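For the single chain, residues carry numbers from 1 onward in sequence order. Small disclaimer: the values here were computed from a predicted structure and weren't measured.
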Amino acid sequence: MSLRFYDTATAQVRDFEPLVPGQVSLYYCGATVQGLPHVGHIRSAIAFDQLTRWLQARGFRVTTVRNVTDIDDKILAKAAASVGAEPAEGVIPDEPWWALAYRYEQEFSRAYDTLGVQRPTYEPRATGHIPEMHALIQRLIDAGHAYPALDDSGDVYFDVRSWPAYGSLTRQNIDDMQAAPDADPRGKRDPRDFALWKGHKDTDPDTAAWDSPWGRGRPGWHLECSAMVTKYLGPRFDIHGGGLDLRFPHHENEMAQSQAAGDGFANFWMHNGMVTFEGEKMSKSIGNTISPEQMLAEASPRVVRYYLGQAHYRSVLDYRPTSLQEAAAAVERIDGFIAKAEAKLGDTAPGSPADLPEAFGAAMDDDLNVPQALAVLHETVRSGNTALAASDLETVRTALAQVRAMTGVLGLDAVQTGSTAAGPEHHALDSLIQDRLRERSEARSAKDWARADAIRDALAAAGVVVEDTPDGALWSLDAG
């Protein structure tokens, strides 16, 4: 099967052929750094990290660009709210907007790193690309698709009615759309016109404005991405990604302004689904939210990564109180097999794309079907455990290579492993448990069954499962 991805713009699964053979250009929307990352941000990053890893496994050279929006109405509003404020969690009194943005940018980077999201090829900031934005605005004005505001505010707007294809990404009619809320409508020809450039206001910090041909001001949100992606990936590139909530107005406006300026823009649009809480939309106002920080307080990064990446990227991922426990049990089954196989085989080479099972590859080629790919992974773990019990070491070796290759593609190997992994904590625990297993073996040899059972029961009470095999006892941590 060839690579096939769902394209939001055409509403169909299409064969994927990169514009340049052997190379893939991918842009996905990063954070507007006005607060701590929420679970939707991280789910999106993991989805596109899985996409990147799969394209790499299929032999493509992938250039990934993920932006940082470090100037925005919300960032300025949050900084303004800190003026004269008392110190509190997440609040630094009188914090400049640019310091606030950078502080939260680092929080996003920490969360991405903790959960094994690969660093992009480049991560541009909006504030570093003002000249490119000016050039794009001028192209749109020259083409008759943008105009300076009619009220001399210094705003510049995109004229949505000048572009007949406006609304095509989300299949909407202009007359059914709400007004764009990003600027005062007094200077607009049509309330749906959106801001490309926002004139400086007296209430804005002087540092949040740049000179432009239309007066001092700052960029509109949608303009930023168009200027950055085309600078680094060119006027036409392979894939534009982001969360489903960005389709409108953000991606609709990006596509309109870029194509109206003469750029082909994205060949594929890919959007990941939302995260809900027991079937309901997450909302701070009703208290049904779960943050990445809270998840990481309850489970290891490996487990959190597994949970956030286990659903099909286009589907809703529903969080329930038992979700992390279920993910932990699944990860423990995988890690338990790896630990037991390594104990049998000793040092082995890591898995490679050549070790991937055909069924796993077919699932991932089919619009990144991670649930089906995980089914292949767990079936391989089961067959590997069966081979361990039968002392079929050649089958164990093959299964181990396949499991390692699959966990690598899914990004599970990029994050902290559980206690069954071969890190220093595991080696210390293994040394202690092996001493107890030797005592148990000696008791069994002396037919002291009561003592042997007592040792096994003590280990079980501590969460250690002992499995007797023809080649000796093996241990793993209880996934329950």
Side-chain angles (χ1 to χ4, degrees), residues 1-8 10-26 28 43-44 46-62 64 116-118 238-239 241 267-273 305-317 327 330-331 333-334 337-338 341 349-387 394-414:
M1 177 187 292
S2 61
L3 273 168
R4 292 169 58 80
F5 298 132
Y6 181 86
D7 174 27
T8 305
T10 59
Q12 62 182 346
V13 177
R14 298 168 46 208
D15 288 343
F16 175 77
E17 290 290 343
L19 298 171
V20 178
Q23 300 181 35
V24 175
S25 47
L26 166 64
Y28 71 93
R43 188 204 175 178
S44 183
I46 288 174
F48 289 102
D49 184 60
Q50 290 175 333
L51 171 62
T52 301
R53 290 174 184 275
W54 182 241
L55 290 167
Q56 290 170 335
R58 280 306 197 214
F60 293 103
R61 177 181 176 181
V62 185
T64 307
V117 176
Q118 294 182 107
D238 290 308
I239 300 170
N267 194 28
F268 273 76
W269 287 87
M270 297 178 67
H271 292 95
N272 64 275
R305 166 96 189 198
Y306 183 99
Y307 165 68
L308 289 174
Q310 68 182 334
H312 191 282
Y313 76 94
R314 287 195 285 121
S315 68
V316 171
L317 176 63
V331 170
R333 286 193 293 272
I334 297 166
F337 165 70
I338 292 173
S352 71
D355 296 312
L356 291 167
E358 184 177 339
F360 181 92
M364 295 296 283
D365 281 347
D366 185 17
D367 195 28
L368 219 65
N369 192 335
V370 169
Q372 187 58 45
L374 282 171
V376 177
L377 171 58
H378 285 289
E379 179 55 38
T380 306
V381 166
R382 281 190 289 272
S383 64
N385 280 325
T386 299
E394 200 52 46
T395 300
V396 171
R397 190 181 306 278
T398 299
L400 178 59
Q402 291 177 333
V403 167
R404 282 175 162 171
M406 289 185 279
T407 55
V409 164
L410 296 171
L412 294 173
D413 289 354

Flag side-chain contact, heavy atom, 4.5 Å: Gln402 against Phe360: no

Atom pair CE (Met406) and OG1 (Thr380), whose distance is rounded to the nearest 0.5 Å: 3.5 Å

Glu17, CD atom: more than 12 neighbouring heavy atoms under 6.0 Å: no

Those residues that, when tested against Phe48, pass ring-ring contact (aromatic ring centres under 6.0 Å, His included) (two or more places apart): Tyr28

Nearest heavy atoms of Ala399 and Gly384, plus distance in Å: CB-CA, 3.9 Å

Closest non-hydrogen atom pair between Val370 and Ala311, with its separation: CB-O, 4.2 Å

Separation of Leu26 CG from Ile239 CD1 (nearest 0.5 Å): 5.5 Å

Donor-acceptor pair, side chain of Asn267 and main chain of Asp238, under 3.5 angstrom: no

Ala11 versus Tyr6, closest heavy-atom pair with distance: CA-OH, 3.2 Å

Check: Ser352 main-chain N/O paired with Asp355 side-chain donor or acceptor under 3.5 Å: yes

Any Pro18 side-chain heavy atom under 4.5 Å of Gln23 side chain: no

Under 3.5 Å donor-acceptor, Asp366 side chain and Asn369 backbone: no

Reported CG-to-CZ distance for the pair Leu412 and Arg53, which is rounded to 0.5 angstrom: 9.0 Å

Verdict with supporting geometry, Leu3 and Leu55, side chain to side chain contact (heavy atoms under 4.5 Å, CB included): CA-CA 9 Å; Leu3 273 168; Leu55 290 167; 4.0 Å; yes

Taking every non-hydrogen atom, the tightest pair across Phe337 and Val396: CZ-O, 4.2 Å

4.5 Å side-chain heavy-atom contact, Ile334 and His378: yes

Nearest heavy-atom neighbours spanning Val117 and Arg305: N-NH1, 3.8 Å

Donor-acceptor contact below 3.5 Å, side chain Asp7 vs main chain Trp269: yes

Trp54 side chain near Asp365 side chain, heavy-atom distance below 4.5 Å: yes

Short side-chain donor-acceptor distance under 3.5 Å, Asp49 and Thr52: no

Asp367 and its salt bridge (charged side-chain N to carboxylate O under 4.0 Å, His left out) partner, picked from Arg14, Arg4, Arg314: Arg314

Main-chain N/O of Ile338 paired to Arg404 side chain as donor or acceptor, under 3.5 Å: no

Over all atoms of both residues, closest heavy-atom pair of Asp15 and Phe268: O-CZ, 3.5 Å

Short side-chain to backbone donor-acceptor contact, Gln50 and Gly309, under 3.5 Å: yes

Rounded distance (nearest 0.5 Å) linking atom CG of Asn272 with atom CG of Leu368: 11.0 Å

Side chain to side chain contact (heavy atoms under 4.5 Å, CB included) evaluation trace for Tyr307 with Ile46: CA-CA 10 Å; Tyr307 165 68; Ile46 288 174; over 6 Å; no

